[in-house]
Amino acid sequence: MAAALGEYTKIDAATAATMKLGGFSTSVDPVRVQRVADLMLEFGYLKQRLDVAPLLAGGAAS
């Protein structure tokens, strides 16, 4: 990572060596994804309820 920061940004090697970038989970919680869709409906970003289960790999149930 430090090498990439030095190559693509103006961050010097000493600073880059002290940095820690966050990690991201590779799992998907269908309940949490459905909550986002429900909030999108509540705040007017969607016109009708979106069932996310068919959109998730494996058709996870919500």
Side-chain angles (χ1 to χ4, degrees):
M1 175 200 67
L5 285 174
E7 185 174 343
Y8 297 104
T9 70
K10 295 180 181 181
I11 298 173
D12 63 83
T15 302
T18 65
M19 295 176 65
K20 179 176 179 180
L21 297 179
F24 297 94
S25 174
T26 58
S27 65
V28 176
D29 180 355
V31 173
R32 294 180 80 179
V33 177
Q34 186 63 59
R35 188 177 306 138
V36 171
D38 292 344
L39 286 169
M40 291 175 70
L41 176 64
E42 181 180 337
F43 287 99
Y45 291 99
L46 296 174
K47 293 182 180 186
Q48 61 187 23
R49 185 176 188 277
L50 173 65
D51 180 12
V52 300
L55 304 175
L56 301 175
S62 58

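Keep in mind that what you see is a predicted model, and the values were worked out from it rather than measured.
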Would a distance-only check, ignoring hydrogens and angles, find a side-chain to backbone donor-acceptor pair under 3.5 Å from Q34 to A53? no
Side chain to side chain contact (heavy atoms under 4.5 Å, CB included) with V28: which residues, sequence neighbours excluded? V33, L56
Only counting residues at least two apart or in another chain, list the ones meeting side chain to side chain donor-acceptor pair (under 3.5 Å) with T18. none
Please name the pair of heavy atoms, one in L46 and one in A37, separated by the smallest distance, quoted to 0.1 Å. CD1-O, 3.6 Å
Taking side chain to side chain contact (heavy atoms under 4.5 Å, CB included) as the test, write out the residues that go with I11, two or more places apart. L5, T9, T15, A16, M19
Taking only residues at least two apart or on different chains, which pairs with a member in residues 12-34 satisfy salt bridge (charged side-chain N to carboxylate O under 4.0 Å, His left out)? none
Who are the side chain to side chain contact (heavy atoms under 4.5 Å, CB included) partners of A17, not counting sequence neighbours? none
Which pairs pass salt bridge (charged side-chain N to carboxylate O under 4.0 Å, His left out) with one or both residues in residues 37-46, sequence neighbours excluded? D38-R49
Shared ILVMFWY cluster between L21 and Y8, side chains joined below 4.5 angstrom? no
Not counting sequence neighbours, which residues clear side chain to side chain contact (heavy atoms under 4.5 Å, CB included) with F24? List them please. none
